[in-house]
Amino acid sequence: MDKFSIVPNAECIIESGKGENAIPSRLLQMGVLPGSKLRIVRVGPMGGTVEVVIDEAGSIALRSEELQLLRCKLTAIPLVNYKVMNSDKYRVRELRGGQLFLRKMKLRGIKEGSIITKITEKEGFMVAVKRKGEMRVGYGEAEKVILEPFKNVD
Amino acid sequence: MSIEKENITVALASIPNTGKTTLFNQITGSHQSVGNWPGVSIEKKTGHFQLGERRITLVDLPGAYSINVTSIEERIVSEYLFNTPPDIIINILDARNLYRSLGLTLQLAESGIPIVVAVNMMDEARREGIVIDFDRLSEHLQMPVVPIVARTGEGLDNLKEEIKRTIKEPYKFRRPRVSWPSVMEDAIMLLARKIEKYDIPQKFDDIFIARRLLESQESEEQMFKSIPSIVNLKKETETLRTKTEKRLGEDMPTACAKCRFNSARGLVAEISLGSVKVSDETTERLDNFLMNKYFGVPIFFLVMFIVFQGIFRLGVPLQGIIGDGFGAVQNGLLGWGLLSFLPEFWKSFLIEGIFQGLGIVISFFPLIALFFVFMSIIEDTGYMARAAFLMDRLMHAIGLDGKAFINILLGYGCNVPAVMGTRIMTSQRNRIITMLLIPFTLCSARLQVFVFIAGILYSPTTAPLILFALYALSFVIVILVGLILKLFDFAGKTEPFIIEIPPYRKPMVKTVVLRVWMEAKDFLYRASTLIVVGVILVWLLTHLPTDVAVGSKDSWAGILGHKLLPIFQPLGIEWQEIVALLFGFVAKEIVLGSMAVIYGADPATQIAAVLTPLQGISFMVFTLLYSPCIPTIAAIKAETRSWKIMSLSIFLGLIIAWIVTFVVYRTGLFFGFR
């Protein structure tokens, strides 16, 4: 897993459990098979230690440098870290916030499933929402907007 | 076919955190003995229980996800199973997460050793709405399956009943249904046919051995010590493995784990209803608060503060009361007519040597009990894993993990329970290093000495600064020694850090009480002899020969003090203090009392007259860092079962104390302090 994608709410699919180094083979024996979904829950207050939720393995804490040894494919990332994803377009997978946050986003035309065609970083983020136009999302809000890559199938 | 043996051994095997130890304690009660697994200082618990006419030996295996070796625990389990196979295995599953537990079950099921499956944590599973069809599960695994709640004891009678039945008539062995790739199956069959020709202990199935050989990355010699002939197959195994892996397109451990867990997944889908929630809402909400990026650490320190206050505000006075009680009895005994027939020397030996030693052992009881009350609550609620997560980064710098932080912090209260508390740590390497670091913490006994001396030698404005500096020094030394130990790669390589963060749970009074009782008893059994012997040794040093004053210039201690003077003079420490330090081995606060004996008058005026302020600092620094007190040494010995680590702890303390004191004293002199 890439160092820069180890941020809260990033999600990935584990690709290899190959047993060269200790962490993947440990996870393998815990029932974490290639194809399992991993979500980063939080990064420790001093960094370095990460809590993740893995399908079927539940909640576990491990170290960032060891997590980096795991090969996986990034599937979702919060808007703040959109650069790590490297995709042309995004779809809003999830809005991880309370009612108020959802309403605020809805006013700007951002809801689950919205397609985002362009993101620029300027006093927060300028987000081009398909069929809605440019919207501004603050840094704090951008942590709660979870994106996944979107490919056109027109 | 029944198991026709007089002594039947049953082993408890499961993945970590399934309540294995709780079950072990429930079944065996107080009939336990503790030893070490061969080659490592990991505790091996063995117990007994009565089953009808028979006395059954129960072995508590360490928690292991697999018998493929990726951790020390897994090595212990697999070596135990291969080399001294038990008659029956009790395999514990976690009802809330059958999938994960079944990986090990499916591995064990191939062995041919009769297994009784206990599905634990049924109460919580029921609460979460999980329904399990036990008959179906039993039919699939071809093993008896018993639902239990180890914490409350529910279902344990049924479990014992099943063990009894299994002894009489084990289920007919059938390999578990796992669909292996045919390439793998062919290789396994080929190898199994070759194994057939060797003399294999009856208990194992050939196919099981074949798969272990092909799947495991361990060397064959290591794994099958009891079947030396297996080594002959080494070369064939290797060629076969390489060939199979090439055809499979992945390595054997991955391929095997995939097949096993896919079967487990299918099995779970078939026999249970109700999805496993990865995390419940309460837990999530609590974690957002307790593990918060900003409040998490302050809350942790608040919790530790409460624990600290709880242990030491309550414990230290209790310790004092017990100590005073013993002191009073001691004085009473000294004047007791019945003992007057004894010569003065023997009377003193009996009362001030042996009796005092016992008094010290007993006086630690309240501290240890309170310590474990708080520790089990923190552990049972699930907060321990969170605390480890929060503090991990800090300790990682010196090659330790978050749990080490908690123990070292508690060392600032008292080293003895802190050393015992290292049991919460899973990594053996980290545990040993933590035990070596704890003695450098400034415990409350040392604090008493420092407050007293600083109060005599320095002005009321400087004294607190000196105390603060000593705390800071202790912290710096802990980190420095940690770094040094890391540098030497002492106690083995760092292990990968994976800890499970369990959902929050309510601790049960019964399990807490049981735990406290066990630990206190353990301390009594394992550490008391060494403490009493240590106290007697110091007593002998200071009371012999019989015709001189106690601790005086001509006593053995005094002579030793003079002999050691050349070593201590560069530190500005005189022979009287050396004798006091000798006394301090018994317990550091005794340094004070001993000074009264040595100086033979009011210690306050004597100290002020004899010690210069700089010498005072020198003496305090040495007292802070030199070898741990006898109870701590005894605790380290009891926990590690290793004389080597115990001696290392003593010498490490002496050497570091000497170096640091030397530097402090000489620097002081250099800058013109006296």
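Chain letters run A, B, ... following the sequence lines, proteins first and then strands; every chain starts at 1. Side-chain atoms are counted along with the backbone in the values below, which use heavy atoms only and exclude waters and symmetry mates.
Shown here for A:L28 and B:F261, the closest heavy-atom pair between the two residues is O-CE1, 3.6 Å. Counting all heavy atoms, side chain and backbone alike, A:P45 lies closest to B:V297 at CG-CG2, 3.5 Å. The nearest pair of heavy atoms linking A:M46 to B:L394 is SD-CD1, 3.9 Å.
Contact of B:F389 with chain A is made through backbone and side chain together, with heavy-atom distances under 4.5 Å. Neither the backbone nor the side chain of B:E250 comes within less than 4.5 Å of any heavy atom of chain A. Neither the backbone nor the side chain of A:V41 comes within less than 4.5 Å of any heavy atom of chain B.
Side-chain contact annotation: B:N292 with A:R42, donor-acceptor N/O pair under 3.5 Å absent.
To the nearest 0.5 Å, atoms CZ (B:R100) and CD1 (A:I54) are separated by 9.5 Å. Rounding to the nearest 0.5 Å gives a distance of 9.5 Å between CG of A:L27 and OH of B:Y65.
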Give the intermediate values and the outcome of side-chain contact (heavy atoms from CB on, under 4.5 Å) for residues B:D401 and A:R63. CA-CA 10 Å; B:D401 59 34; A:R63 298 221 173 100; 3.6 Å; yes

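Counting heavy-atom neighbours within 6.0 Å of A:F101 CZ, excluding the residue itself, gives a total above 12. Annotation for B:R505: atom CZ counts as buried by contact number, over 12 foreign heavy atoms lying within 6.0 Å. With a 6.0 Å radius and a threshold of 12 heavy atoms from other residues, nucleotides or ligands, A:Y139 has its OH atom above the threshold.
Counting heavy-atom pairs closer than 4.5 Å to chain B, the top residue among A:E51, A:E65, A:Q29 is A:Q29. Chosen from B:R265, B:R260, B:E74, the residue pairing most often with chain A at heavy-atom distances under 4.5 Å is B:R265.
If you run side-chain contact (heavy atoms from CB on, under 4.5 Å) between A:S59 and each of B:D287, B:I501, B:T283, B:I499, only B:I501 comes through.
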